[in-house]
Each structure stands twice: as structure tokens, then as C-alpha cells.
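Taking it in order: structure first as C-alpha cells, then the write-up.
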Amino acid sequence: MNGGTPRPTGRRVAVVGQGYVGLPLAVRAVEAGHTVVGYDVDAARISRLRAGDSYVEDVDEGRLAKALESGAYHPTTDAGALAGFDVAVVTVPTPLLDDVPDLTCIEEAALTLAGHLRPGALVVLESTTYPGTTEDVFGALLEKESGLRPGADFHLGYSPERIDPGNQRWTLETTPKIVSGVDAESLRQVAEFYGTVVERTVPVRDPKTAELAKLLENTYRHVNIALVNEMAVIARELGVDAWEAIDAASSKPFGFMPFTPGPGVGGHCLPVDPRYLSWRVERQLGRRFRFVDLANDVNSQMPHYVVQRLVEALNQLQRPANGSRVLLLGLAYKRNSGDARESPALRVAELLLRTGAQVHAVDPHVRETAPLDARVRRVELTEEEVAAADAVVLLTDHDDFDYDVVLRGARHVLDCRRRLRPAANVEIL
């Protein structure tokens with residue numbers, strides 16, 4: 001399905017939040033012919049953008065420079081710059097606070113936009129959240145603070161982000177975009193705007209459906225990753241190669257989609273988003289979403305399992321974990337990405353530090369890993385570092401790692417991604 005013929009470009013667009021979702025959207029909107037205000041409360045982030053320094057791999061510095069040079073992209077911390085927007089898109093974080101959804105950033109965005117909301121304007125929420133947020137929280141605040149009614153006075157919709165950092169095939173532009181509105185005209189307006197930015201839109205009947213669709217996507221992945229993670233643990237105890245079994249099952253041309261084991265799950269989506277759904281189900285319906293609870297339990301235990309396997313390997317080498325030098329390859333939560341949010345690699349590092357190990361780490365993509373920066377030594381992947389390590393743990397299989405250096409020089413490698421070729425010094429998770 002598509003959202004119809006787009007209007008001519010050239011609208012004034014405000015993108016609230018300039019992170020992994022907001023920055024690619026802002027730059028793409030500029031490329032589509034819009035004038036964009038990229039608003040963020042993080043002054044350091046805005047300073048970097050103004051200097052042409054991109055911290056998001058999906059927007060290289062060349063694209064950012066062109067957007068800035070065009071005069072159509074204005075990164076700012078000044079809420080006053082939002083005045084006069086035709087379209088506002090909110091792409092702010094939705095974290096957990098004590099395992100409960102924290103909508104503070106959404107609420108603050110609504111309060112900020114309400115002061116500049118005009119009749120006929122379009123406001124779209126993209127942040128992942130539970131069904132009902134767009135209308136019951138976000139829209140209600142906009143109405144309360146502005147005096148304008150969603151649907152009657154301004155257009156309101158929800159379009160969940162589908163950013164996959166580092167994915168060169170499925171980008172913001174090429175990934176189908178779910179769109180929704182609180183009424184028919186709002187839906188039309190949302191579809192028209194995104195029709196200028198992406199190749200294909202997928203309309204659904206209302207924001208609750210779109211909100212649930214996003215949570216379904218992430219819960220599906222979360223549950224299936226948990227399945228193969230637990231399968232890997234059990235298969236080893238049974239003396240079976242889980243990876244080979246997955247390969248064999250993948251030969252079936254129907255009814256099976258392969259997922260692979262790993263050290264856990266990371267990013268914003270899998271560790272956080274399914275909990276929004278389980279929280280809503282429990283709060284509104286009074287029941288547990290058992291699949292999500294089980295997947296959370298399995299995936300959150302994988303860093304502990306990685307460390308357990310490493311300690312066992314070190315024991316076989318007659319080296320206690322306490323005092324051993326361990327080299328971690330990769331700190332990002334996924335390959336070829338600099339995104340370390342909720343990364344299981346950081347949890348592995350923390351657990352290793354608790355054993356008394358000396359932890360060194362290599363990741364050319366990740367700039368900061370606070371609060372581990374003071375305790376984990378960041379190094380380059382060299383023959384000397386590999387040879388000095390008592391063990392190497394491959395946690396994120398970036399393409400630019402020199403795996404031959406690892407194979408030649410490592411005493412022992414625990415490969416959590418099955419990236420390395422079989423060798424006497426390589427153990428697969």
C-alpha cells in the first residue's frame with residue numbers, strides 16, 4: 001500500500017530529538033526538499049552537528065555537510081526555533097525507569113511543541129511506546145496546553161521508527177513506513193508527508209494499531225532470539241552443535257526463519273520495547289505477557305553464560321579469571337554499528353571486572369562506554385594485544401576486524417557470533 005501522491009515538498013519541518021532516529025529523518029527530509037529544524041536538549045550533541053560531526057553511522061559527515069551547507073537544516077537547542085512549523089515529528093527516547101515505561105521525554109516534547117502549535121499543523125510521534133500513548137498521553141497534553149483539538153484543529157498521527165543502524169540495504173528511505181492518524185484527514189496528512197521521505201508507506205486504521213505493530217515486530221525478534229539462545233545452552237549440554245542444527249533447519253523453504261545465538265540483546269528495541277507491551281497488558285488487562293517475561297529472563301542471562309563459559313575455558317588453561325587479561329572484540333550491540341545502548345558486551349565487561357579480570361576492549365565504532373571507560377582499557381586490535389591476552393571474546397563481529405590476527409595469535413577465543421573459521425584455539429558459543 002502507498003500513501004497516495006505526495007504534496008509538493010518545501011514544508012517547514014521540526015524534528016524533536018536528533019539521535020539515531022531523528023538525525024537520519026532530519027537529513028533525509030532536507031534531501032527531500034523540506035526546511036528542517038533539528039531540535040535537541042543536548043547542547044553537546046547540537047554543537048557536534050553544527051560542526052559537521054555526525055555521531056550516527058547512517059548519516060555520514062558528507063551527507064551532514066550537504067544538509068548544513070544547503071541552509072535548510074538548522075540544529076538547535078532553542079525551542080523558539082520551532083515556531084511556525086508545518087510538520088513536527090517527535091523521535092525522543094522512551095526508556096524504562098525501575099522496569100516501568102518512562103514517557104517523560106514524550107511529555108516534555110508535547111509541552112514544548114504545544115506552545116508553537118497552529119491550526120492545520122501536523123504532529124507525528126515516532127517514539128516506540130505502548131498502545132494508547134499517542135492519543136491518551138501525547139495528544140491529550142498537546143490539546144491541554146494549546147487549546148487545539150487533535151483531528152478537529154490540528155492533525156495527529158503515529159508512525160513507528162524502523163531504523164536499523166548500519167543496515168545498508170534497508171535504510172530509512174527504503175524501509176516501508178507504517179503510518180496512522182487519529183482520523184482520516186490526519187492519516188492522509190501523515191501519509192503525504194512520509195511519502196516525500198520514504199519509498200513506501202503502509203497505512204493502518206489508527207495509532208493504537210501502529211503502536212502495537214511496532215511492539216509486535218520487536219517482541220517477535222526478542223522471543224525468537226531467546227529461543228535460540230536457550231537452544232544453544234541446552235544443545236551444548238546435550239553434545240549437539242546448535243549452530244549446525246540452525247543451518248540445517250534453515251534449508252526448509254517454508255515455516256522457518258533462522259535466528260542465531262549471541263551474548264544477549266541490545267539497543268533500545270529488544271531489551272526495552274517488549275516490556276512496554278507487557279507493562280501495558282498487566283496494567284490494563286491484569287494479566288502477564290508470559291512470552292515477553294520468559295524472553296527477558298533468557299536473554300538477560302546470556303552475558304552471565306558467556307562469562308561462565310570463559311571462566312571454564314580459563315580453568316582448562318590453568319588460569320584463574322582473577323588476574324587474567326581478557327580482550328573483548330566489539331562493544332556495540334550489533335555488527336558495524338557504533339550503538340552501544342543496552343549492549344550485552346558492556347554487561348559482559350562488567351561481569352568480568354567483578355571476577356578480577358583485567359579487561360581490554362577493541363571497538364573502532366563505539367566512542368564512549370560510560371561508566372566502564374575508567375575500568376576497561378580501550379586498545380587497538382594488534383598482534384601484541386592479542387598475544388598478551390589470556391583469552392579473547394568476540395562479542396560483536398564488525399567487518400573491519402582483522403580476524404586473521406586473532407586466529408594466529410590468540411591462546412583461546414570464545415566466539416559468540418560464529419564469525420571465525422574452525423580452529424584449535426576457537427570455541428563457539
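Please read these numbers as outputs of a predicted model, since none were measured by experiment.
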- All heavy atoms of Gly262 vs all of Asn229, minimum pair found to be N-OD1, 2.9 Å
- Query: Once you round to the nearest 0.5 Å, how far does CG of Asp40 lie from OG1 of Thr77?
  - Reply: 9.0 Å
- Query: Which value, rounded to the nearest 0.5 Å, describes the distance between Ser337 atom OG and Tyr20 atom OH?
  - Reply: 5.5 Å
- Task: Could you tell me which non-hydrogen atom of Leu215 sits nearest to which non-hydrogen atom of Thr129, and how far apart they are?
- Result: CD1-O, 3.4 Å
- Message: Would you call the rings of Phe259 and Tyr220 parallel, tilted or perpendicular, taking 30° and 60° as the class edges?
- Response: perpendicular
- Message: When you compare the side chains of His365 and Asn336, does any donor N or O come within less than 3.5 Å of an acceptor on the partner?
- Response: no
- Task: Any chance you could lay out the side-chain contact (heavy atoms from CB on, under 4.5 Å) test for Trp243 and Ile428, step after step, and finish with the verdict?
- Result: CA-CA 9 Å; Trp243 295 86; Ile428 305 298; 3.2 Å; yes
- Neighbour count >12 (heavy atoms, 6.0 Å) for atom CZ, Arg375: yes
- Ion pair check, Arg325 and Asp390, cut-off under 4.0 Å: no
- Going from CG on Asp206 to NZ on Lys208, what distance comes out if it is rounded to the nearest 0.5 angstrom? 7.5 Å
- For the side chain of Ser250 and the backbone of Ile246, is there at least one donor-acceptor N/O pair under 3.5 Å apart? yes
- Query: Between Glu31 and Arg63, does at least one N-O distance fall below 4.0 Å, as a salt bridge requires?
  - Reply: yes
- Just checking, any donor-acceptor pair under 3.5 angstrom between side chains of Asp78 and Thr76? no
- Task: Flag the pair Val89 / Leu25 as yes when at least one side-chain heavy-atom distance between them is below 4.5 Å, and no otherwise.
- Result: yes
- Message: I'd like to know if the side chain of His74 reaches the main chain of Thr35, judged simply by a donor and an acceptor atom lying under 3.5 Å from each other, with no hydrogens or angles considered.
- Response: no
- Message: Check whether Ser127 reaches the backbone of Val92 with its side chain - one donor and one acceptor, N or O, closer than 3.5 Å.
- Response: yes
- Determine yes or no for a side-chain-to-main-chain donor-acceptor pair under 3.5 angstrom, with Ser54 supplying the side chain and Glu61 the backbone. no
- Could you tell me whether a side-chain N or O of Ser47 sits under 3.5 Å from a main-chain N or O of Ala43, the two making a donor and an acceptor? no
- Among Leu122, Val182, Val123, Thr201, which one satisfies side-chain contact (heavy atoms from CB on, under 4.5 Å) with Val190? Leu122
- Query: Any Lys/Arg nitrogen of Arg367 or Asp53 sitting under 4.0 Å from an Asp/Glu carboxylate oxygen of the other?
  - Reply: yes
- Message: Whether Glu427 and Arg236 form a salt bridge (side-chain N of Lys/Arg under 4.0 Å from carboxylate O of Asp/Glu) is what I want to check.
- Response: yes
- Query: Is atom CD of Glu230 surrounded by more than 12 heavy atoms (other residues, nucleotides or ligands) closer than 6.0 Å?
  - Reply: no
- Message: Can you give me the closest heavy-atom contact between Ala226 and Asn299, atom names plus distance?
- Response: CA-OD1, 3.3 Å
- Query: From Leu64 CG over to Leu68 CG, what is the distance, rounded to the nearest 0.5 angstrom?
  - Reply: 4.5 Å
- Query: In Å, rounded to the nearest 0.5 Å, how long is the span from CZ of Arg28 to CG of Asp58?
  - Reply: 13.5 Å
- Item | Donor-acceptor contact present, side-chain His34 to main-chain Arg11, <3.5 Å | yes
- Message: Check whether Arg419 reaches the backbone of Asp397 with its side chain - one donor and one acceptor, N or O, closer than 3.5 Å.
- Response: yes
- Task: Any chance you could measure Ile178, atom CD1, to Glu217, atom CD, to the nearest 0.5 Å?
- Result: 5.0 Å
- Message: Between Asp339 and Lys334, is the salt bridge (charged side-chain N to carboxylate O under 4.0 Å, His left out) condition met? List the steps.
- Response: CA-CA 7 Å; Asp339 191 348; Lys334 63 169 293 186; over 6 Å; no
- Query: With a cut-off of 6.0 Å (strictly less than), are more than 12 heavy atoms of other residues, nucleotides or ligands near CZ of Phe291?
  - Reply: no
- Between the main-chain N or O of Ile163 and the side-chain N or O of Glu161, is there a donor-acceptor pair closer than 3.5 Å? yes
- Item | His222 and Asn296 side chains, donor-acceptor separation under 3.5 Å | yes
- Message: Trp279 vs Leu96, test: side-chain contact (heavy atoms from CB on, under 4.5 Å). Steps then yes/no.
- Response: CA-CA 10 Å; Trp279 177 87; Leu96 293 167; over 6 Å; no
- Message: Under a 4.0 Å threshold between the charged nitrogen and the carboxylate oxygen, would Arg418 count as salt-bridged to Asp247?
- Response: yes
- Task: Check the pair Asn315, Val311 against side-chain contact (heavy atoms from CB on, under 4.5 Å), reporting the backbone distance first and the verdict last.
- Result: CA-CA 6 Å; Asn315 286 340; Val311 169; 3.9 Å; yes
- Message: Whether the side chain of Asp415 engages the backbone of Arg417 through a donor-acceptor N/O pair (distance < 3.5 Å, no angle test) should be reported.
- Response: yes
- So does Arg408 have more than 12 non-hydrogen atoms from other groups sitting under 6.0 Å from CZ? yes
- Message: Do the side chains of Arg335 and Asp400 get close enough for a salt bridge, i.e. N-O under 4.0 angstrom?
- Response: no
- For the pair Tyr276 (side chain) and Asp102 (backbone), establish whether a donor and an acceptor sit closer than 3.5 Å, ignoring hydrogens and angles. yes
- Message: Under a 3.5 Å threshold, yes or no: a donor from one side chain and an acceptor from the other, between Thr133 and Glu211?
- Response: no
- Should we count CD of Glu244 as having more than 12 external heavy atoms under 6.0 Å? no
- Among Lys214, Lys177, Glu126, find the residue that satisfies the side chain to side chain donor-acceptor pair (under 3.5 Å) test when tested with Ser159. Lys177
- Short N-O contact, Glu173 and Arg162, less than 4.0 angstrom: no
- Message: Does Val393 form a side-chain contact (heavy atoms from CB on, under 4.5 Å) with Cys416? I'd like the steps, not just the answer.
- Response: CA-CA 7 Å; Val393 186; Cys416 298; 4.0 Å; yes
- Message: Could you check whether Glu312 and Gln308, counting side-chain N and O atoms only, form a donor-acceptor pair closer than 3.5 Å?
- Response: yes
